[in-house]
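The next block holds one structure in the form of structure tokens; read it before the comments.
Atoms considered below: every heavy atom in the structure, side chains included; atoms not considered: hydrogens, waters and symmetry mates. Predicted, not measured: the structure shown is a model, and the values here were computed from it.
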Amino acid sequence: MASSSSALRTIPSSSMKLANPKSLTHSPTNSLLPFKLRNPPPSSSLKLNSSFSLPQRSFTCKSQSSPSSETERSTKVQELNVYEINERDRGSPAFLKLSQKPVNSLGDLVPFSNKLYTGDLQKRIGITAGICVLIENKPEKKGDRYEAIYSFYFGDYGHIAVQGSYLTYEDTYLAVTGGSGVFEGAYGQVKLQQLIFPFKLFYTFYLKGIKEDLPNELLGKPVEPHPGVEPSPAAKACEPHATIANFTN
């Protein structure tokens, strides 16, 4: 015990300072929170407003039994007849033998562009322009099956685009995929009649989706298609009265 008392006496009194008693009386809450809340929201802000209203919208229903005039127009079928004639003065068609085989084979390409005349053969109206991809040679039918993608150009009136099978040995139907000018919004189909391959063809369009009636200038009574048909001399010579405005050449 003597040694313990000696050890206690060697500790200077200055090292035994007690903490300020006031510091020991601080709130336990303050000692546990490392931060203070500033401007706590008033209790009134926690109240929920239970009264609210949804915006009201009005709407109307149209009966499908009475379609608008625009809908009636879009389903109206308008018939258009044109002749496509190869007069052997455009370097058309071109045969690109990509298959490099002696007979027509899959992948051979045939770009082409021919002249267009009205169905009555009295006016030059424009040209065709497009390409055919050979799909299958049909030796038993002495012809070929092509996939055709091309357009019919009608000067200031616009154009019609078509796509589908083109058979050199029988009549076929292609889809009308669109148009421009007076043919904007066009859809439907076109019947292709092969008169003399690949020099004379007759087309009958069955057009839907066109807002206005087709121009009378394009709607002359068609000449009955047969291999001997020829455009009028004035139309063939592109005389002003025998062409449409700014006909495509």
Side-chain angles (χ1 to χ4, degrees), residues 74-75 77-119 125-155 157-210 214 218 222 225-227 229 247-249:
S74 66
T75 58
V77 178
Q78 299 194 59
E79 189 172 317
L80 174 66
N81 298 284
V82 298
Y83 276 97
E84 179 186 13
I85 298 180
N86 184 334
E87 296 179 351
R88 300 172 176 81
D89 59 352
R90 301 178 66 85
S92 174
F95 290 92
L96 307 179
K97 301 285 291 182
L98 300 187
S99 66
Q100 298 182 354
K101 295 181 180 179
V103 297
N104 293 345
S105 301
L106 177 66
D108 291 343
L109 303 180
V110 186
F112 65 94
S113 177
N114 299 315
K115 296 178 181 179
L116 282 179
Y117 294 91
T118 52
I125 54 179
I127 62 170
T128 55
I131 191 168
C132 291
V133 182
L134 197 141
I135 302 301
E136 185 181 8
N137 176 248
K138 295 279 192 179
E140 70 280 8
K141 295 186 177 181
K142 299 180 181 180
D144 299 299
R145 176 188 174 186
Y146 291 90
E147 181 67 15
I149 305 170
Y150 58 114
S151 294
F152 296 72
Y153 290 94
F154 296 82
Y157 289 126
H159 88 289
I160 301 173
V162 303
Q163 181 177 353
S165 293
Y166 167 39
L167 308 179
T168 64
Y169 47 84
E170 65 185 36
D171 297 346
T172 52
Y173 285 86
L174 296 91
V176 173
T177 58
S180 65
V182 301
F183 306 106
E184 180 183 2
Y187 67 98
Q189 61 182 345
V190 58
K191 181 181 180 181
L192 181 159
Q193 293 178 253
Q194 189 84 257
L195 304 179
I196 301 177
F197 173 78
F199 302 112
K200 290 182 182 179
L201 300 94
F202 181 71
Y203 296 89
T204 303
F205 287 90
Y206 302 97
L207 300 172
K208 301 178 184 179
I210 299 176
L214 291 174
L218 302 177
H226 61 86
V229 295
F247 72 93
T248 309
N249 195 26

Between Phe183 and Phe154, ring centroids under 6.0 Å: yes
Glu184 CD to His159 NE2 distance, which is reported to the nearest 0.5 Å: 11.0 Å
Rounded distance [0.5 Å steps], CD in Glu147 versus OG in Ser165: 5.5 Å
Lys138, Gln194, Glu140 screened by side chain to side chain contact (heavy atoms under 4.5 Å, CB included) with Tyr169, the one that passes: Lys138
Tyr117 ring center near Tyr83 ring center (under 6.0 Å): no
cation_pi(Arg88, Phe199) dist<6.0 Å, angle<=45: yes
Atom pair OH/OG1 of Tyr166 and Thr172 - distance to nearest 0.5 Å: 8.0 Å
Closest approach of Asn86 to Ser92 (non-hydrogen atoms, all atoms of both residues): ND2-O, 2.8 Å
Minimum heavy-atom distance Leu195-Pro227, with the two atoms named: O-CG, 4.1 Å
Verdict with supporting geometry, Thr168 and Tyr146, side-chain contact (heavy atoms from CB on, under 4.5 Å): CA-CA 8 Å; Thr168 64; Tyr146 291 90; 3.8 Å; yes
Exam field: side chain Lys97 to backbone Asp108, donor-acceptor pair closer than 3.5 Å: no
Heavy-atom pair of closest approach, residues Val162 and Thr177: N-OG1, 3.9 Å
Salt-bridge contact Asp89-Lys115 (side-chain N to carboxylate O under 4.0 Å): yes
Ring geometry between Phe112 and Tyr150 (parallel below 30°, tilted from 30 to 60°, perpendicular above 60°): perpendicular
Thr118 side chain reached by Val82 side chain, heavy atoms, under 4.5 Å: no
Glu136 vs Leu106, side-chain contact (heavy atoms from CB on, under 4.5 Å): CA-CA, chis, key distance, verdict: CA-CA 6 Å; Glu136 185 181 8; Leu106 177 66; over 6 Å; no
Geometric class of the Phe152/Tyr203 ring pair [parallel <30°, tilted 30-60°, perpendicular >60°]: perpendicular
Qualifying residue, where the test is side chain to side chain contact (heavy atoms under 4.5 Å, CB included) with Tyr206 and the options are Val77, Val176, Val190, Leu80: Val77
Leu174 versus Ala148, closest heavy-atom pair with distance: CD2-CB, 4.2 Å
Reported CG-to-CG distance for the pair Leu96 and Leu134, which is rounded to 0.5 angstrom: 12.0 Å
No-hydrogen, no-angle side-chain donor-acceptor test under 3.5 Å, Asn104 and Asp144: yes
Shortest non-hydrogen separation from Phe205 to Ile160 and the atoms involved: CE2-CG2, 3.8 Å
Nearest heavy-atom neighbours spanning Ala129 and Tyr153: CB-CE1, 4.0 Å
Residue pair Thr128 / Glu84, side-chain donor-acceptor N/O under 3.5 Å: yes
Full working for side-chain contact (heavy atoms from CB on, under 4.5 Å) between Leu207 and Leu214: CA-CA 10 Å; Leu207 300 172; Leu214 291 174; 4.3 Å; yes
Spatial distance of atom NZ (Lys208) from atom CD (Gln189) [nearest 0.5 Å]: 8.0 Å
side-chain contact (heavy atoms from CB on, under 4.5 Å) between Leu109 and Val133, worked out: CA-CA 5 Å; Leu109 303 180; Val133 182; 3.7 Å; yes
Euclidean distance, Asn249 CG relative to Ile127 CD1, rounded to 0.5 Å: 7.0 Å
